[in-house]
Structures are given as C-alpha cells and as structure tokens.
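Reviewing the structure listed below.
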Amino acid sequence: MADKKAHLSVDGLDNSFELPIYSGTVGPDVIDVSSLAGQGYFTYDPGFMSTASCESKLTYIDGAKGVLLHGGYPIEQLAAHSDYLETCYLLLNGELPTAEEKEEFVDIITNHTMVHENIAHFFRGFRSDAHPMAIMCGVVGALSSFYHDSLDINNPEHRKISAHRLIAKMPTLAAMCYKHHVGQPFMYPNNKLSYAENFLHMMFGTPCDDPEVNPVLAKAMDKIFLLHADHEQNASTSTVRLAGSSGANPFACIAAGIATLWGPAHGGANEAVLNMLKEIGSVENIDKFVAKAKDKNDPFRLMGFGHRVYKNFDPRAKVMKETCDEVLSELGIKDPMLDIAMRLEQIALEDEYFIEKKLYPNVDFYSGIIMKAIGIPTDMFTVIFATGRTVGWIAHWHEMISNSYKIGRPRQLYTGAAPRDYVSIDKR
C-alpha cells in the first residue's frame, strides 16, 4: 500500500484528486494516475518519458549517475566476473545460480541450439541481399509453427521451455542469416563449444574447418551479448510487453521486439558509428568533422558519443573499451576506419567541449569497432544486438505473464474534427 499521497487540483473544480504514491527499491517515486480515467481525465506524456508502465524486478537504470543493475548486481561486476549465460539465468530467475544450477542451465541451452531442419527452407525464400533483420523478423515469428508443443502461456513449464529455446536458437538463426547472405552452407551448432564460441563457429566456420575459435574473440563476443542483455523499459522491451499483454505467443512477441529494434533510433546505433567513420574517410578529415559536430547549425552528428538515458557516462562503455583494446591488440589490424575511431575516442576523452557536455564514447561506439575488427558485416550488427537482448525480452515477457496484467491500451489527446454529419458525395 502507498504510504504517501499526491493531490491534483484542476482549475474550476472545488475538489482535488488524491493519488497514491508508490516507492520502489531504488529510483523515483511513482504517482498512480490510473484512477484519473474514471474522473474524465488522461495524463499526457509523449514518448512515455515520465510514465512507469509496469512494475519490474529485473533491471534498474539511473541515467544521471551512470548506474545499470541486473537483479541488483552492477553491470561492471557482472561483466568482470560473470558471463552471458549466467546473466541470462539471473534475469530469468532473479538470483545468480549455484554451480550445479549453472551447469544444468548451460547444458539445457547448449542442447537446444539446433533448429528444425525445415527452417532452412524459410531462408531460401529470402533474397541473398535481404537485410538480416528482415529475415530475423520473419524466421523468429515462424518458430511458433515449429515449436507449438509448448505455447500455453499460462503454463509455467511451457514459458520456461520457450525461454530456453529462444535464448539457445537465436545465435543459430543469426549465423544462418549471415551464411545465407554470403552464399555459404549453414553450420550446425557444436555442443562442445561455449555459447559465444559456438556463435563465431557458426558465423565463420566452414564444413572443411576444425571448430577452433580465438578465445580473445569469443570472450569479446560474450561481453557484447552480456552488455546488451537487458536495458529496462526501452522501445523494443516495451513492445514485447505490449504484444504479450494481448496473449500473443512468445515467438510472436520476440519478433515484434526485433522489428522495433530494427529502427535506426534504437538498435542501429553501432551500425551508425561505422557509417559515420566511412563518411569521415580518413584521420586527416577528423578535425573538420569535429568542428562540424560542434556547430549547432550543422546537421552532422558524431555517432556513438553520449546516450539518451545516461547523462553522465555509459557504465557499459568502460568494459567495452577494455574488450575493444584486447581485440585490436590480438588481431593487430591495420584499418583506416579503426584509426579514425581511435583518434575520435582520444578527442572525446580530452577535448573540453566533449567533457563539458559529457559526450563520452558509449557502448555502441566500442561494440561497433569490435564487430568490425572481428569481420562481422555492418548490417549484421543489429542482429547481434537482438541475439543478446533476447533474454531481456523473454524475461520481461515471462515476468509480466507470471503476474496479473491487463492488455495495454494507451490513450490519446484527440485533436481531429469535432462530431459532424455525413454529407453525400453529390453535395460535397
């Protein structure tokens, strides 16, 4: 129960409305405005920037302080000491696993990585130059037609099986998108490899190769998955919850999340970083483009710096920077685009303009560089984002379905025509 109340007064009314205030574990208090509709009022909040649409125990973000917690654990600690699948277990279950629980969970995911053989036929229906996210939307949505044996959303065991299947099969489907694009045969999962190793094996291996994966690159891939696992009520997660509130099956809900993530304002940030580096062209052009970025009247913007949520620094960026340095050192790549990126990073960390405005390199900046160095094509970046984020989506879906919920139904401020009579076409 709420122990605090807010009072809303409206001009012209003698009485004010009493609204309960709820307090979470951490973060701002929340004013419950749900009773206002019965009084003839809606609240107006475009973009839902001041609206708590749900109650959740999964992830907490404090953008002003640069804090990201999963189940109460700081992302920096998880990135340093945990791994992606352990973080998946945390998001799904609310607690870190014991050694025995982790072993069982890893074994379950490992043994669900194979996809139905007929799914390969879906890929043949897509052009080889189709965007991988277009393919992912279609194929993930189609999974419900292959795994319809466990689609009772009111059955906890069915929800668990669907969650395991999605986490396990997304890397397989992502790699199939890449192989379809380059015209190479699909690679089956190898159960002797870790989650990240298996993904890189399916991406870049061929039937003629032994499944050997560089451990530095596998570690980097695992970090990318972990750092993108969940990010609270963002656009794609909110979409998954909204779709799920209708009772849609989990595969359809995740497909909806993928479609939302595809938007350039959401999941395309690390792809935008690479496009920006291409536009800059060479290290010699950097000063000119930095000047353009500082000019308020110039439309050019440096991508991968600052963050909409984090007003101080992105806590994931420090981890990603360390991983980026490890990958570039391991591969010893000489790439003009990477030279531009490293110079931009130096400027952002030293230039007073960037420091004052807190435009630090974010996780998208570093993850884009890492994936470029590994050899992952730019149009696959968002697919990899979706692969890592799948656990966050399914955890939020599971949390919602496991508790009481209502179908989502946002309201509107109507500004169209007032009521009027129909006029026959001969009199218009």
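Computation of the quantities below employed the complete heavy-atom set of this structure, encompassing side-chain atoms and omitting hydrogens, waters and symmetry-equivalent molecules. Keep in mind the model is a prediction, meaning the values are calculated, not measured.
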Name the orientation class of the two ring planes belonging to [X] and [Y] (parallel below 30°, tilted from 30 to 60°, perpendicular beyond 60°).
X	Y	answer
F146	H116	tilted
F204	Y178	perpendicular
F225	Y84	tilted

Quick test of your reading of the model: are [X] and [Y] salt-bridged, counting only N-O distances below 4.0 Å?
X	Y	answer
R241	E399	yes
K192	E197	no
R316	E76	no
D351	K357	no

Under a 3.5 Å distance rule, please check whether [X] uses its side chain to pair with a backbone N or O of [Y] as donor and acceptor.
X	Y	result
K223	A79	yes
T390	A386	yes
D32	V30	no
D298	K294	no
S245	G408	yes
T323	V319	yes
H180	F126	yes
H7	S16	no
S246	A243	yes
R159	I153	yes

* To do: Under the side-chain contact (heavy atoms from CB on, under 4.5 Å) rule, collect the residues that match up with N154, sequence neighbours excluded.
  =>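 Expected list: D152.
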* Asked: How would you list, by chain and number, every residue that makes a side-chain contact (heavy atoms from CB on, under 4.5 Å) with V106, sequence neighbours excluded?
  ->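 For V106 the side-chain contact (heavy atoms from CB on, under 4.5 Å) partners, ignoring immediate neighbours, are L85, K102, T110.
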For atom [atom1] of [X], is the number of surrounding heavy atoms from other residues, nucleotides or ligands below 6.0 Å larger than 12?
X	atom1	result
I347	CD1	yes
Y414	OH	yes
E55	CD	no
Y60	OH	yes
F48	CZ	no
E101	CD	yes

* To do: Just jot down the ring-ring contact (aromatic ring centres under 6.0 Å, His included) partners of H231, sequence neighbours excluded, or say none.
  =>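 Scan of H231 (ring-ring contact (aromatic ring centres under 6.0 Å, His included), adjacent residues dropped) gives H307, Y310.
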* Any residue meeting ring-ring contact (aromatic ring centres under 6.0 Å, His included) with F354, in chain and number order, not counting sequence neighbours ->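 F354 satisfies ring-ring contact (aromatic ring centres under 6.0 Å, His included) with no other residue.
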* Residues two or more places apart in sequence or in another chain: which of them pass salt bridge (charged side-chain N to carboxylate O under 4.0 Å, His left out) with D45? ->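 Scan of D45 (salt bridge (charged side-chain N to carboxylate O under 4.0 Å, His left out), adjacent residues dropped) gives none.
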* **For D129, all residues meeting salt bridge (charged side-chain N to carboxylate O under 4.0 Å, His left out), sequence neighbours excluded** =>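 D129 satisfies salt bridge (charged side-chain N to carboxylate O under 4.0 Å, His left out) with R127 only.
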* So H70 and T59, side-chain hydrogen bond (donor to acceptor under 3.5 Å, both in side chains) or not? Walk me through it. -> CA-CA 5 Å; H70 291 327; T59 297; 3.0 Å; yes
* D230 and V391: side-chain contact (heavy atoms from CB on, under 4.5 Å), yes or no, with the steps? -> CA-CA 7 Å; D230 189 41; V391 65; 5.9 Å; no
* Do the two ring centres, one from F365 and one from F305, sit under 6.0 Å apart? ->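 Yes, they do, as the ring centres are separated by less than 6.0 Å.
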* Can you list the steps and then say if M136 with M170 is a side-chain contact (heavy atoms from CB on, under 4.5 Å)? -> CA-CA 9 Å; M136 286 294 280; M170 285 294 283; 3.4 Å; yes
* To do: Have a look at H164 and tell me which of Y89, F105, Y147 forms a ring pair (Phe, Tyr, Trp, His ring centres under 6.0 Å) with it.
  =>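 Exactly one pass, corresponding to F105.
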* Begin from the C-alpha positions of T237 and Q233 and carry the test side-chain hydrogen bond (donor to acceptor under 3.5 Å, both in side chains) through to its verdict. => CA-CA 6 Å; T237 300; Q233 305 305 318; over 6 Å; no
